[in-house]
There are 2 protein chains.
Amino acid sequence: MATQAKQGNAKTEPGRQSLKSAATRARLIDATIRCLVQHGYANTVTPMVAAEAGLSRGAMLHHFASGDALIRATIVELHERRLKAFRRASQAHVGDVRAMVRDYWQQLQKPGFIAFQELAMAARTDAALAEILLPLQAELTQKFQALAGQLYPDWVQEPERLRLAMALSQILMEGIQIASLTGAMDKSLIEPLLDFLEMSVIALRPGQGTGMTMKTEQ
Amino acid sequence: MATQAKQGNAKTEPGRQSLKSAATRARLIDATIRCLVQHGYANTVTPMVAAEAGLSRGAMLHHFASGDALIRATIVELHERRLKAFRRASQAHVGDVRAMVRDYWQQLQKPGFIAFQELAMAARTDAALAEILLPLQAELTQKFQALAGQLYPDWVQEPERLRLAMALSQILMEGIQIASLTGAMDKSLIEPLLDFLEMSVIALRPGQGTGMTMKTEQ
DNA sequence: ATAAAAAAGCATGCAAGCATGTTTTTTTGT
DNA sequence: ACAAAAAAACATGCTTGCATGCTTTTTTAT
């Protein structure tokens, strides 16, 4: 639905000037993300998105048959961004735990994460949203896992600890961000927590004993 | 405004026959919490709460002048429950890290946490809610901190590590719960993460080295 | 190549549904 | 009988989806 083919001709594949349509759709999706960040999912209503995109509401409904369709497209877009960023980050600094932690932390600062979190919370009580989101969440977790094993071949010997390290990183960093956003935590604790996370992940690497060991290695 | 005084008499402090009013208010607040859990903040509307409480909407508005007032009262109620549970837990098992972790984890399973999380997320983009919630969040964090120093006197020598241990416990456990609720995490990882948290907190106790040390002590 | 035809993008207006708060009426309890 | 509690009725505002008309671009045909 997001990338519906524009009467594709066999001749010139570039969709001509009606690629303007794609641009407009992108503008609407971006506007949706901005609204999710600034006003939250519950207050993101169609007139607001249209205004944010600089379009009339009618025009918006021309591109997305309903508000639901827009949200669906936005979810797909956010998911693709997540996958792309994740792939980029993991390939950029292989084996460098500190860099990967910081990189993922940077990702969580971007509007995309807040928007996604809004949708994820909403999906908890919205069956239609959950139907779209849950499979994507599962897909992400799986690719996360797969790529991790690929980047740390020696870690695969201890899959439990690898899974633990991945989950710890994801959950703790996202938890920090959410707590910061909701005022449940003092910001001054962010850095110490990230440092601690780095140490923990390093300690979980193979050949570091069953528990944890101090070591400013790497 | 939340706990609007019921024409308090100077005479007999027991509210006589109209203590039934208090019961009704409590029923409304409980119904609100249930709605928050089952339908989320955005979909928690006044007719729904009234139905859940077994009252007419008119009756409900008799006890709480507006939907906002109800939400405010619910927030205060949740906050008091949090404080009470926290105090009980910390006094029950002094010095027992494992027990305290598990106890707080049990707290997070109760509807109160989900309801509070819904409100906290909503407060991010709702100034009125934030005005009520943020001070309470700060108060809780502060009392958390104070009581911790009281329970672990020897830990106060290293306040940084105490703060870190407290934050780590809170953030990680709440993060696990949120991730579970939103489907961002496989449930099979919960136990390993909690175990890891216990070890980490123990390792952060004073006299355990700068980093971490394996030790099934406690 | 140019004009007519078709299609797509875009804007405005309208009616229905729903949640909110206020007001009025009925019931209950002392 | 009187006051509080509960229910019902009412009026307002907002969001949504649909339908209508206008403009621009692309295609088709002579």
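Within every chain, numbering begins at 1; the chains are lettered A, B, ... in the order of the sequence lines, protein sequences first and strands thereafter.
Considering only residues two or more places apart in sequence or on other chains, D103(B) meets the salt bridge (Lys or Arg N to Asp or Glu O under 4.0 Å) condition with R88(B). Annotation: salt bridge (Lys or Arg N to Asp or Glu O under 4.0 Å) contacts of R124(B) (sequence neighbours excluded): E118(A). The salt bridge (Lys or Arg N to Asp or Glu O under 4.0 Å) search around R82(B) returns E174(B), not counting sequence neighbours. With sequence neighbours excluded, the residues that form a ring pair (Phe, Tyr, Trp, His ring centres under 6.0 Å) with F86(A) are F144(A). For A59(B), the side chain to side chain contact (heavy atoms under 4.5 Å, CB included) test picks out L55(B), S56(B), with sequence neighbours left out. Applying the salt bridge (Lys or Arg N to Asp or Glu O under 4.0 Å) criterion to D195(A), with sequence neighbours excluded, gives R102(A).
Interface residues of residues 46-60 of chain A facing DNA chain D, ordered by number: T46(A), P47(A), R57(A); criterion, heavy-atom separation under 4.0 Å. Taken residue by residue, residues 116-130 of chain B places no heavy atom nearer than 4.0 Å to DNA chain D.
Phosphate contact (OP1/OP2 of dG9(C), side-chain N/O of H62(A), threshold under 4.0 Å): present. A sub-4.0 Å separation between OP1 or OP2 of dA4(D) and a side-chain N or O of H63(B) is absent. Put simply, S66(B) has no side-chain N or O that comes within less than 4.0 Å of OP1 or OP2 on dT20(C). Under 4.0 angstrom from either OP1 or OP2 of dA5(D) there lies no side-chain N or O belonging to T24(B).
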Enumerate, atom names and distances included, each donor-acceptor pair closer than 3.5 Å involving a side-chain atom of residues 127-141 of chain B, sequence neighbours excluded.
unit_1, atom_1, unit_2, atom_2, d
Q137(B), NE2, T182(A), O, 3.3
E139(B), OE2, K143(B), NZ, 3.3
T141(B), OG1, Q137(B), O, 3.1

Enumerate donor-acceptor pairs with a distance under 3.5 Å from any side-chain N or O in residues 34-43 of chain A to protein atoms, sequence neighbours excluded.
unit_1, atom_1, unit_2, atom_2, d
R34(A), NH1, E52(A), OE2, 2.6
N43(A), ND2, H39(A), O, 2.9

Polar atom pairs (N or O), protein with nucleotides 22-24 of chain D, under 3.5 Å:
none

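The ring pair (Phe, Tyr, Trp, His ring centres under 6.0 Å) pairs that include a residue from residues 95-138 of chain A number zero, where partners must be two or more places apart or lie in different chains.
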